[in-house]
Amino acid sequence: MTGSRPEVLIIGGGVIGTSIAFHLARQSVRVTLVEEKDLASGSSGACDGLIFMQSKKPGIHLEMALKSLERFQELSRILPVPLEFRQTGGMVVIETEEEYRAMEAYARDQRSIGLDVSILDRDQAIQKEPGLSPDILGAAWSPLDGQVNPMGLTLGFALAAKKAGVRILSRTRVLDLVFQNNRVIGVETGRGRFFGDVVVNACGAGSAGIAAMAGLSLPVKPRKGQIVVTRAARPMISHCMISAKYIAAKYNPDLAREAGEGLSIEQTENGNLLLGSTREFAGFDTRNTLEGIRTILQNTSRVVPGIQNLEMIRSFAGLRPWTPDGLPLLGPVRGLEGFFMAAGHEGDGIALSPVTGNLVSKMILEHPLEFSMEPFSPDRFLDSKEGSHG
Ligand SMILES: Cc1cc2nc3c(=O)[nH]c(=O)nc-3n(C[C@H](O)[C@H](O)[C@H](O)COP(=O)(O)OP(=O)(O)OC[C@H]3O[C@@H](n4cnc5c(N)ncnc54)[C@H](O)[C@@H]3O)c2cc1C
């Protein structure tokens, strides 16, 4: 490292890479960010912008999400792009007796650690959200949940970082890592070599490919999600919504197959509805499928029947960076100097980006941390033979 301030090279211009760049730049660190395509061209530009607290597992995951939530008001003021952040409150829609019992227990756990969540019966839920179908059984409700424009957030981090001196190189694909002894000192790209005292892998669903360049086998897999966008409509729903099935699908792929795909519904400031979403392991394929679109439209219009009258204008799919335990990989890797992982946020990267940028920048600068980062250590996935490279 050059003195006490390392120069940092970040691979990946999604919400995670740009948030880390922004947080480092605020500490006057010299940063270069390289992005294969354009900023927000990965999952961060092909997703919803839900900031749900209720969907996070009680424990470190929820703690992190709450820390992140605290930052959105401030970021809305200081980032140079409108974030469209609104704390609308969120509903987890319940459709079966089995889900009702599961959500009651889930909400009880969340309340025991102080989260403001309550279970609404059918009438209470419909009173709060009149567009809901009378066939639902109820909803878990929290005033904490909200939404943001994910592309606005990514570009906001990037522009603020750039203004603070971060060099951003788009259309620059990392082809290999550059080593000196057992240390990563830079990257080889289609546009030449770039160096850093610390190289951060923030490549989302593609991060396992970058890790493999260092001989590491890390289990971050692309988990595809398809989304349907409707033409702008009058205000139709006032809260963002997911279903109890969504929570099952997120945490337990086997249960997801039994329970069917979950759903998500949010209305943007422009009035478009974002209807989601599927959860599929389909490699790096980002094509929409008729089956995916049909499932989304059936699921969302069952819960909010007014959706049937809207016109669909486009669809897209993104790749969530899935990990086996649902937690991201954040921090250095045993036996490999100069290399940090910051990837694997699955369906929570937008919500967790402020806290991730803050924590990872502090780890790089060796500043004190408010959390133990142990549960996020990439080392949890290394077998005993890994950890020495060059
Ligand atoms: C359908 C869907 C809905 C979602 N909904 C939500 C939601 O409501 N709330 C929420 O919080 N999260 C949501 N997510 C998850 C969220 O989108 C991700 O967790 C987040 O965007 C991950 O950000 P990232 O920066 O790690 O990855 P990405 O945004 O994918 O960025 C990684 C970047 O690395 C670049 N890259 C890859 N390889 C290389 C290379 N070799 N050289 C240079 N650059 C490279 C890519 O081009 C890409 O731009 C959703 C995801 C999907 C797919």
Side-chain angles (χ1 to χ4, degrees), residues 9-21 33-53 55-56 65 68-69 90 145-151 153-154 157-158 169-177 187-191 194 200-213 220 222-228 240-242 246 250 261-262 264-266 274-280 284 286 288 292 296 315-323 328-330 341-357 360:
L9 193 142
I10 298 170
I11 318 171
V15 76
I16 299 301
T18 55
S19 175
I20 297 168
L33 183 150
V34 293
E35 161 57 48
E36 174 180 7
K37 297 177 188 149
D38 286 314
L39 294 169
S41 60
S43 181
S44 306
C47 60
D48 298 299
L50 302 176
I51 305 174
F52 255 80
M53 297 300 111
S55 63
K56 311 292 177 278
S68 222
L69 178 66
D145 302 326
Q147 62 190 63
V148 71
N149 179 330
M151 276 191 262
L153 181 62
T154 308
F157 280 136
L169 303 170
S170 49
R171 309 253 156 225
T172 308
R173 177 165 193 214
V174 169
L175 304 171
D176 209 347
L177 298 173
V187 294
E188 183 79 57
T189 76
R191 295 169 65 183
F194 298 93
V200 181
N201 177 2
C203 285
S207 59
I210 300 287
M213 294 171 186
V220 184
R223 196 179 196 188
K224 173 161 137 180
Q226 305 188 40
I227 291 192
V228 171
C240 41
M241 282 181 226
I242 56 176
Y246 172 105
K250 193 166 162 193
E261 302 277 357
S264 60
I265 308 176
E266 91 183 70
L274 296 187
L275 309 175
S277 62
T278 61
R279 277 187 145 79
E280 309 155 63
F284 286 88
T286 52
N288 282 109
I296 290 170
S315 59
F316 58 81
L319 302 173
R320 303 177 187 89
W322 174 91
T323 66
L329 283 69
L330 307 176
M341 287 294 299
H345 295 73
E346 219 267 347
D348 299 313
I350 304 302
L352 297 181
S353 59
V355 72
T356 299
V360 172

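Both counts, for ligands and for their atoms, begin at 1 and track the order of listing.
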Who's closest to [atom] heavy-atom-wise, of [options]?
atom	options	answer
atom 4 (C) of ligand 1	P328, G13, C47	C47
atom 19 (O) of ligand 1	E346, H345, R223	E346
atom 32 (C) of ligand 1	G17, G42, C203	C203

Working to the nearest 0.5 angstrom, can you tell me the gap between [X] [atom1] and [Y] [atom2]?
X	Y	atom1	atom2	value
R173	K37	CZ	NZ	8.5 Å
I10	N201	CD1	CG	11.0 Å
T286	F316	OG1	CZ	11.5 Å
L69	L352	CG	CG	10.5 Å
S44	I16	OG	CD1	7.0 Å
N149	T154	CG	OG1	8.5 Å

Is there any N or O on [X] that sits under 3.5 Å from an N or O of ligand 1?
X	answer
G12	no
I11	no
I350	yes
I210	no
G347	yes
E36	yes
L352	no

Could you find the nearest protein heavy atom to [atom] and give me its residue, atom name and distance?
atom	value
atom 29 (O) of ligand 1	S44 OG, 2.5 Å
atom 24 (P) of ligand 1	I16 CG1, 3.7 Å
atom 48 (C) of ligand 1	E35 OE1, 3.4 Å
atom 41 (N) of ligand 1	V174 O, 3.2 Å
atom 9 (N) of ligand 1	L50 O, 2.9 Å
atom 16 (C) of ligand 1	S43 OG, 3.6 Å
atom 27 (O) of ligand 1	G204 CA, 3.5 Å
atom 5 (N) of ligand 1	D48 N, 3.4 Å

Hey, does [Y] have a side-chain heavy atom less than 4.5 Å from the side chain of [X]?
X	Y	result
Q226	S315	no
V15	H345	no
I11	L177	yes
V34	L9	yes
T278	I296	yes
L50	S264	yes
P354	S68	yes
R320	S277	yes

Side-chain donor/acceptor of T172 to backbone N/O of S170, under 3.5 Å:
yes

Whether [X] lies under 4.0 Å from ligand 1, heavy atom:
X	value
T172	yes
A343	no
G206	no
G276	no

Would you kindly specify which portion of S264 sits under 4.0 Å from ligand 1, judged on non-hydrogen atoms: side chain, backbone, both or neither?
neither

Per-atom contacts, ligand 1 versus [X] - under 4.0 Å to a heavy atom:
X	value
V15	23 (O), 25 (O)
G225	1 (C)
A46	1 (C), 2 (C), 52 (C), 53 (C)
A351	10 (C), 11 (O)
S41	47 (O), 49 (O)
G14	25 (O), 29 (O), 31 (O)
I227	1 (C)

Using a cut-off of 6.0 Å, state whether more than 12 heavy atoms not belonging to M151 lie near its atom CE.
no

Which heavy atom in S353 sits nearest to a heavy atom in F157, and how many Å separate them?
OG-CE1, 3.7 Å

